[in-house]
Every structure is written in C-alpha cells, then in structure tokens.
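Contents: one structure, followed by commentary.
As the structure is a prediction and not an experimental result, all values here were calculated from the model. Throughout, protein chains are lettered first and strands after them, A, B, ... in sequence-line order, and every chain is numbered starting at 1.
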There are 2 protein chains.
Amino acid sequence: MDADVRDRWLSQAGSRLSGAGRRSGAARTAVVELLAREGQCLISAQEIIDRLRASHAGSAASVYRTLDELLALGLVHRLEGRDGSARYEIVDPGLRHHHFVDEASGEVQAFTDEGLDRAIAGVAERLGVALSSRDVVLRGRRT
Amino acid sequence: MDADVRDRWLSQAGSRLSGAGRRSGAARTAVVELLAREGQCLISAQEIIDRLRASHAGSAASVYRTLDELLALGLVHRLEGRDGSARYEIVDPGLRHHHFVDEASGEVQAFTDEGLDRAIAGVAERLGVALSSRDVVLRGRRT
DNA sequence: TTATATGCAAAAGCTTTGCATGGGT
DNA sequence: ACCCATGCAAAGCTTTTGCATATAA
C-alpha cells in the first residue's frame with residue numbers, strides 16, 4: 001500500500017464528492033477509506049462488503065451505491081472479473097498499471113510498461129480517438 | 001462476416017468437439033453455427049439465447065453448456081462486458097484483434113495493431129510468463 | 001428543517017444445476 | 001441399449017431498487 005497515493009486520493013475523493021453536493025455518511029466514509037488503503041489494485045465489491053460487515057460499518061446497498069458514485073465521478077475504475085463479479089480500483093495520476101492474472105493461482109499481479117503504454121497511445125492516434133480508459137489483462141502461467 | 005474464417009472455425013469446432021467425445025445435438029449445432037457466423041466479434045450469451053429462442057432451436061441451459069464446452073476446448077474466447085454479462089468470440093488463427101468501445105454510441109470496434117502485439121509479447125517476456133490470452137479494451141470517443 | 005444517506009428486504013438480471021426425457025452412436 | 005444432450009424449472013450470485021428511518025447540513 002502506497003501511503004502517498006492513499007492520502008492524495010482520499011483528499012481528491014473528499015473534495016470531488018462534496019463538490020458534487022453529496023453528503024458524507026458513515027457507510028460512504030468507510031467505503032472510501034477502505035478503497036484508499038486497499039483499492040490501489042483491484043478489489044471486489046464482495047470483498048468490501050465482507051470487510052465492512054465484519055466491522056458493522058456499512059451494508060451491501062451502500063457499498064454499491066458508493067461505488068457507483070465514485071465511478072460516475074471518475075474516482076474509481078471498474079474491471080469485470082472472469083467470474084462475473086466486478087472489481088474496482090482507485091484512479092490516481094501516480095497509479096498507471098496493467099494486470100497479469102496467473103492462471104495457476106488466480107493471483108493478480110500489477111505491472112507497468114512504458115513500451116505498452118506507448119503502443120496504446122500510438123493505436124489511439126492511428127484510430128483517431130481520445131481514450132478515457134485502457135484495460136489490459138494478460139493471462140497465463142509463469143515459466 | 002468473413003466466410004473463410006467461418007468455414008475454417010466450423011470445421012475446427014466440429015473435429016475438436018467430436019474428438020473430445022461429445023455428441024452433437026440440435027441445440028449445440030445451432031449455437032456453433034450461430035457463433036461461426038456472428039461470433040467473429042463479441043456476441044453475448046443473451047443475444048445467442050434470444051436468437052435461438054426466436055427459431056425454437058435451443059434453450060438457455062444448452063447455450064451456456066455449449067459455451068462452456070467451447071471455452072474449455074479453446075474454441076471461443078470470453079470477455080466480460082461492462083454490464084456484467086459475458087461476451088464471446090470465436091478463436092481463429094486468422095482473427096487476432098483488440099477492441100475499442102466508443103463511449104458515445106456504445107459501439108464496439110475491432111482493430112489489429114502489430115506494434116501493440118509486439119509490446120504485449122515484450123511484456124510477457126520481461127515478466128517471464130507464457131500468455132494464454134490477452135484482453136485489450138480501449139474506451140473513449142472519436143475525435 | 002429539509003433533503004440526502006442508510007439499512008433491510010425484495011426484486012431483477014445472468015448463469016448454473018438437478019432431474020426427467022429425448023436422441024445420437 | 002447405453003449414455004449423452006436437452007429442456008424446464010428451481011436455485012445461486014451479484015447487483016439494483018423501494019421504502020421507512022436516521023442523519024448531515
């Protein structure tokens with residue numbers, strides 16, 4: 001967990017949410033704080049729900065509602081999991097990575113690669129599009 | 001729709017399925033033929049179900065069962081949709097493409113890009129992994 | 001005070017599964 | 001004849017929604 005990213009995103013999220021005219025309640029606060037700490041790489045809604053239930057700090061409905069809000073404000077990014085459940089991760093300028101899924105263990109590893117980023121930028125230019133998001137998920141086995 | 005790809009995949013699918021000891025029934029045949037024609041770029045299970053129901057040629061259960069089989073045999077590729085419903089597309093040596101989603105219209109456009117493929121191969125080598133699949137989904141707007 | 005956030009429970013999709021039946025080989 | 005494929009309906013999951021209540025501003 002990167003403390004700089006956590007703090008920066010937390011303050012970003014705080015201002016964007018209040019700027020959008022939303023009030024801050026206990027459940028939303030709990031979700032936002034959990035995401036700042038553990039949403040730096042893909043976390044599932046179910047995992048958030050389970051964690052909050054363990055500390056009596058929010059219901060499933062509030063988790064989904066908060067995630068929707070954050071998504072609409074561009075504060076989180078959503079990636080569909082292989083099992084039909086969505087995974088979220090915070091959006092922060094200091095975080096730009098892609099994902100590799102080890103099919104042997106199911107474990108997700110984040111990586112960065114400048115060459116890949118350049119290739120994607122090249123594609124966007126060639127297609128004549130302005131990108132708002134890029135999902136790259138590689139799957140395979142370690143050799 | 002590319003007729004060469006359709007025919008090649010159809011014969012591939014036929015031999016691999018019977019080779020795996022599976023029998024051919026009406027429903028599975030209908031799914032496989034529909035995929036050969038319209039699964040060259042992302043089609044959802046729901047869409048297949050609706051089409052087959054319209055022609056009384058298969059149930060939801062059979063569609064999912066067939067898709068699972070094809071997936072296990074590596075004959076289709078599965079990509080999770082933004083709305084929590086999976087999308088499938090046939091796997092064919094002559095078809096290697098990535099996807100761009102136009103956020104204005106929701107339309108999906110397939111594209112190929114050698115530079116991107118090279119960059120991905122480079123990443124795999126650097127990470128020391130053997131890839132079994134690569135999902136690249138770019139989202140944005142045409143400029 | 002007044003609108004919004006929350007929790008519960010019900011509802012809504014998509015997908016899977018059990019079981020009896022039909023059909024391939 | 002034997003087993004697999006199929007269809008139906010029920011069950012399972014994740015996610016969404018309605019509504020009464022609690023709470024921030």
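- Counting non-hydrogen atoms under 4.0 angstrom, G21(A) reaches nothing in the nucleic acid.
- Evaluation of the salt bridge (charged side-chain N to carboxylate O under 4.0 Å, His left out) test over residues 53-65 of chain A, restricted to residues two or more places apart or in two chains, returns D50(A)-R53(A).
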What N/O pairs connect the protein and nucleotides 13-16 of chain D at under 3.5 Å? Give each pair on its own line.
{"residue": "dT15(D)", "atom": "OP1", "partner": "A86(A)", "partner atom": "N", "Å": "2.8"}
{"residue": "dT15(D)", "atom": "OP2", "partner": "Y64(A)", "partner atom": "OH", "Å": "2.4"}
{"residue": "dT15(D)", "atom": "O5'", "partner": "Y64(A)", "partner atom": "OH", "Å": "3.3"}

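- Atom CZ in R53(B) sits about 17 Å away from atom P in dT6(D), given to the nearest Å.
- In this structure, L116(B) belongs to a hydrophobic cluster whose other members, linked by side-chain heavy atoms under 4.5 Å apart, are F100(A), F111(A), L116(A), I120(A), V123(A), L127(A), V129(A), L131(A), V136(A), L138(A), F100(B), F111(B), I120(B), V123(B), L127(B), V129(B), L131(B), V136(B), L138(B).
- Remark: P of dC4(D) and CD of E69(B) are 12 Å apart, rounded to the nearest angstrom.
- Within the structure, no pair that satisfies the ring pair (Phe, Tyr, Trp, His ring centres under 6.0 Å) test touches residues 113-138 of chain A, not counting sequence neighbours.
- Rounded to whole angstrom, the span from the CG atom of L17(A) across to the P atom of dT6(C) amounts to 11 Å.
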Each nucleotide N or O in nucleotides 21-25 of chain D that has a protein N or O under 3.5 Å away: list the pair and distance.
{"residue": "dA24(D)", "atom": "N3", "partner": "R23(A)", "partner atom": "NH1", "Å": "2.9"}

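- In this structure, CG in L71(A) is found 6.5 Å from OH in Y88(A), a value given to the nearest 0.5 Å.
- Residue S59(A) is in base contact, counting any heavy-atom pair closer than 4.0 Å across all strands shown.
- Counting only residues at least two apart or in different chains, ring pair (Phe, Tyr, Trp, His ring centres under 6.0 Å) contacts with residues 16-52 of chain A are absent.
- For T143(A) (side chain) and G128(B) (main-chain N/O), a donor-acceptor pair under 3.5 Å exists by modelled atom type.
- Within residues 31-44 of chain B, no residue has any heavy atom under 4.0 Å from DNA chain C.
- The line from OG of S85(A) to CD of E47(A) is 10.0 Å long, rounded to the nearest 0.5 Å.
- Comparing the axis of the opening five pairs of the helix from dT1(C)-dA25(D) to dT25(C)-dA1(D) with that of the closing five pairs yields an angle of 30°, rounded to 10°.
- Screening residues 90-99 of chain B for side-chain hydrogen bond (donor to acceptor under 3.5 Å, both in side chains), with sequence neighbours left out, gives R8(B)-D92(B), E89(B)-H97(B), E89(B)-H99(B), H97(B)-H99(B), H98(B)-D117(B).
- The residues D135(A) and R139(B) are annotated as salt-bridged, a charged nitrogen and a carboxylate oxygen being separated by less than 4.0 angstrom.
- Applying the ring pair (Phe, Tyr, Trp, His ring centres under 6.0 Å) rule to H77(B) yields no partners; only residues at least two apart in sequence or on another chain are considered.
- Grouping Ile, Leu, Val, Met, Phe, Trp and Tyr residues whose side-chain heavy atoms lie under 4.5 Å apart, directly or via other members, leaves V91(B) alone, with no other cluster members.
- Side-chain atoms of W9(B) never come within 3.5 Å of backbone atoms of D4(B) as a donor-acceptor pair (strictly under, hydrogens ignored).
- For residues 24-41 of chain A, the salt bridge (charged side-chain N to carboxylate O under 4.0 Å, His left out) pairs, not counting sequence neighbours, are E38(A)-R51(A).
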